[in-house]
A.B. asks: 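Structure in structure tokens, see below.
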Amino acid sequence: MTLVESVLAGDRLALSRLLSRIENNSPEGRAALKELFPHTGKGHLIGVTGAPGTGKSSLVNQIARYYRQPRSGETPRRVAIVAVDPSSPFTGGAILGDRIRMRDLSGDPGVFIRSMASRGSLGGLAAATAGLVQAFDAAGFEVILIETVGAGQAEVDIARLAHTTLVVEAPGMGDDIQAIKAGILEIADVLVINKADRPGVENTERALRGMLDLAHPTRRVFRQNEHHLSPAEPEMELQEGNGFWQPPIQRTVSTEGTGIAEVVGLIERHKDHLLESGEWQRRERARLLSELQHHLQLLLFSRWRSGLSHDNFQSTLDAVFNHQLAPQEAAERLVYQS
Ligand SMILES: Nc1nc2c(ncn2[C@@H]2O[C@H](COP(=O)(O)OP(=O)(O)O)[C@@H](O)[C@H]2O)c(=O)[nH]1
Ligand SMILES: [Mg+2]
């Protein structure tokens, strides 16, 4: 059996080996991804993002456990966790901490946890994460949780991989809402206020509601009119049917498991909403388009670069350096005249 065949047959060791090859962007890893691709497109990709220390790993651990609990008439779904941490040298301890906190899931064959340290550029990180997620999807994991530190553009790019994005806040992390600074609030499908056992939770919730109203003014209109609208008001139903999703806010205490059933309920409701509104297909298409664009850029650049003489490039760079040639003009010459 080839490595890919073993992965498709459910071999964990083979999967682990394949994930390393993908993470290292090795030729075998790239070849395997091509073979696996027709088997992807089934998993529910759930991004969990937020500032360090808000309790993302604890929350992810609880969500995975919840999905794994046997429920009447249902086979528990298989869960994969990808923990992305692009700041490796300083957070080696935190990664170790994650491993310890996620310990209670190990030994369950329906769960696979992968911590990824930073390798190479941040753009490479997003691509490697996409590769790992595809491998899990092809291997039959129905729920794929992707934990990222909500810190910047690369993080937002990784979060965009997901069908459903949870943004995690915690009270008492300063007066600001961390997600606003990082620009990740706008991609939130579900807002989680974790550490709801801590003081200041009301302030955090009030601040989040204020931000949501600013981001989605239509919602404010609905709230102002809410005394006149019953929940079954046709106008509201029309909005829901047209793909209107109001990001709900849910409090949790991940160390105790409080609010976890509700979070999973909201994740499932969001998935139903995506499927019913056609938004699932739209997000899939947007995600695959951005992946295609990423590969096009890489390929076109390297093909162009390999056909360019070193001397030509250096003399053009010199001309830019001497202010004889504007950078944009130089680029046009290099691309169209070489
Ligand atoms: N009081 C309280 N502590 C929590 C809660 N959730 C997580 N923690 C603690 O917060 C710290 C950071 O949690 P972690 O899950 O590693 O956060 P991450 O950096 O966002 O992944 C750990 O010491 C957790 O035990 C919670 O709901 N309440
Ligand atoms: Mg963590």
Side-chain angles (χ1 to χ4, degrees), residues 23 46-67 79-106 111-118 122 125-126 128-129 132-133 143-152 154-156 158-159 161-162 164-174 176-182 184-185 187-188 190-205 208 249-264 266-267:
E23 204 183 334
I46 304 164
V48 180
T49 190
T54 47
K56 296 178 298 299
S57 296
S58 313
L59 178 70
V60 160
N61 185 54
Q62 291 283 2
I63 292 173
R65 267 178 46 176
Y66 189 87
Y67 272 115
V79 182
I81 297 170
V82 183
V84 186
D85 193 336
S87 53
S88 76
F90 304 106
T91 53
I95 290 171
L96 187 64
D98 283 352
R99 292 230 170 97
I100 291 167
R101 254 190 301 291
M102 288 175 173
R103 180 182 48 194
D104 43 334
L105 289 168
S106 64
V111 176
F112 201 112
I113 301 166
R114 185 81 182 186
S115 278
M116 190 163 70
S118 129
L122 284 174
L125 189 69
T129 307
L132 295 191
V133 165
V143 172
I144 302 168
L145 292 152
I146 309 157
E147 178 192 336
T148 61
V149 183
E155 295 292 327
V156 174
I158 292 170
L161 267 176
T164 301
T165 300
L166 272 55
V167 171
V168 185
E169 288 289 337
M173 307 227 355
D176 300 341
I177 300 294
Q178 304 287 320
I180 296 166
K181 279 194 282 185
I184 54 172
L185 198 61
I187 58 165
V190 177
L191 288 155
V192 177
I193 305 177
N194 189 46
K195 304 196 181 184
D197 54 329
R198 291 272 188 87
V201 63
E202 287 81 12
N203 285 343
T204 306
E205 182 159 343
L208 277 178
I249 299 176
Q250 177 65 47
R251 297 181 186 188
T252 57
V253 183
S254 291
T255 38
E256 290 162 12
T258 313
I260 301 303
E262 288 81 358
V263 168
V264 173
L266 290 170
I267 291 171

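We count residues from 1, following the sequence as given. Both counts, for ligands and for their atoms, begin at 1 and track the order of listing. Values reported hereafter were calculated over all heavy atoms of this structure, with side chains retained and with hydrogens, waters and symmetry mates removed.
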A.B. asks: Under a 4.5 Å cut-off applied to non-hydrogen side-chain atoms, are Thr54 and Asn194 in contact?
C.D. replies: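 A side-chain contact under 4.5 Å is absent here.
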A.B. asks: Tell me which one of Gly53, Ala51, Ala170, Gly55 gets a heavy atom nearest to atom 19 (O) of ligand 1.
C.D. replies: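 Among Gly53, Ala51, Ala170, Gly55, the closest heavy atom to atom 19 (O) of ligand 1 comes from Gly53.
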A.B. asks: Taking Thr49 for its side chain and Thr148 for its backbone only, find out whether a donor-acceptor pair lies under 3.5 Å.
C.D. replies: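 Yes, Thr49 side chain to Thr148 backbone: donor-acceptor pair under 3.5 Å.
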A.B. asks: Report yes if the side chains of Ile193 and Pro171 come closer than 4.5 Å at any heavy-atom pair, otherwise no.
C.D. replies: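 Counting from C-beta outward, Ile193 and Pro171 do come under 4.5 Å.
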A.B. asks: Heavy-atom distances under 4.0 Å are what count here, so tell me which part of Glu256 touches ligand 1: side chain, backbone, both or neither.
C.D. replies: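 Neither part.
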A.B. asks: What are the atoms of ligand 1, with element, lying closer than 4.0 Å to any heavy atom of Glu147?
C.D. replies: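 Taking each heavy atom of Glu147 in turn, ligand 1 has 21 (O) under 4.0 Å.
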A.B. asks: Under the side-chain contact (heavy atoms from CB on, under 4.5 Å) rule, what do Val84 and Leu132 come out as? Steps first, then yes or no, please.
C.D. replies: CA-CA 11 Å; Val84 186; Leu132 295 191; over 6 Å; no
A.B. asks: Under 4.0 Å from a heavy atom of Arg198: which atoms of ligand 1 are those, numbered in the order shown and with their elements?
C.D. replies: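 So the atoms of ligand 1 that pass are 1 (N).
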A.B. asks: Is a side-chain N or O of Gln250 found less than 3.5 angstrom from the main chain of Val263, in a donor-acceptor match?
C.D. replies: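 No.
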A.B. asks: In ligand 1, which numbered atoms sit nearer than 4.0 Å to a non-hydrogen atom of Lys56?
C.D. replies: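 Selected atoms, number and element: 15 (O), 17 (O), 18 (P), 19 (O), 20 (O), 21 (O).
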A.B. asks: With a 3.5 Å distance limit and no angle check, can you tell me whether Lys56 reaches the backbone of Val168 through a side-chain donor-acceptor pair?
C.D. replies: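 Such a contact is absent between Lys56 side chain and Val168 backbone.
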A.B. asks: For N/O/S atoms only: which one belongs to Glu147 and is nearest the Mg ion (ligand 2)?
C.D. replies: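 The closest N, O or S atom of Glu147 to the Mg ion (ligand 2) is OE2.
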A.B. asks: List for me each residue that meets side chain to side chain contact (heavy atoms under 4.5 Å, CB included) alongside Thr255, sequence neighbours excluded, and say none if there are none.
C.D. replies: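 If we apply the side chain to side chain contact (heavy atoms under 4.5 Å, CB included) test to Thr255, skipping adjacent residues, the hits are Val253.
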A.B. asks: Distance check below 2.8 Å: does Ser58 bring an N, O or S atom to the Mg ion (ligand 2)?
C.D. replies: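 No N, O or S atom of Ser58 is closer than 2.8 Å to the Mg ion (ligand 2), so no.
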A.B. asks: Using a 4.0 Å heavy-atom threshold (strictly under), name the region of Asp197 that reaches ligand 1: side chain, backbone, both or neither.
C.D. replies: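 For Asp197, only side-chain atoms sit under 4.0 Å from ligand 1.
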A.B. asks: Of all the atoms in ligand 1, which lie at a distance below 4.0 Å from a heavy atom belonging to Thr54?
C.D. replies: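 Within the 4.0 Å cut-off of Thr54, ligand 1 contributes 20 (O).
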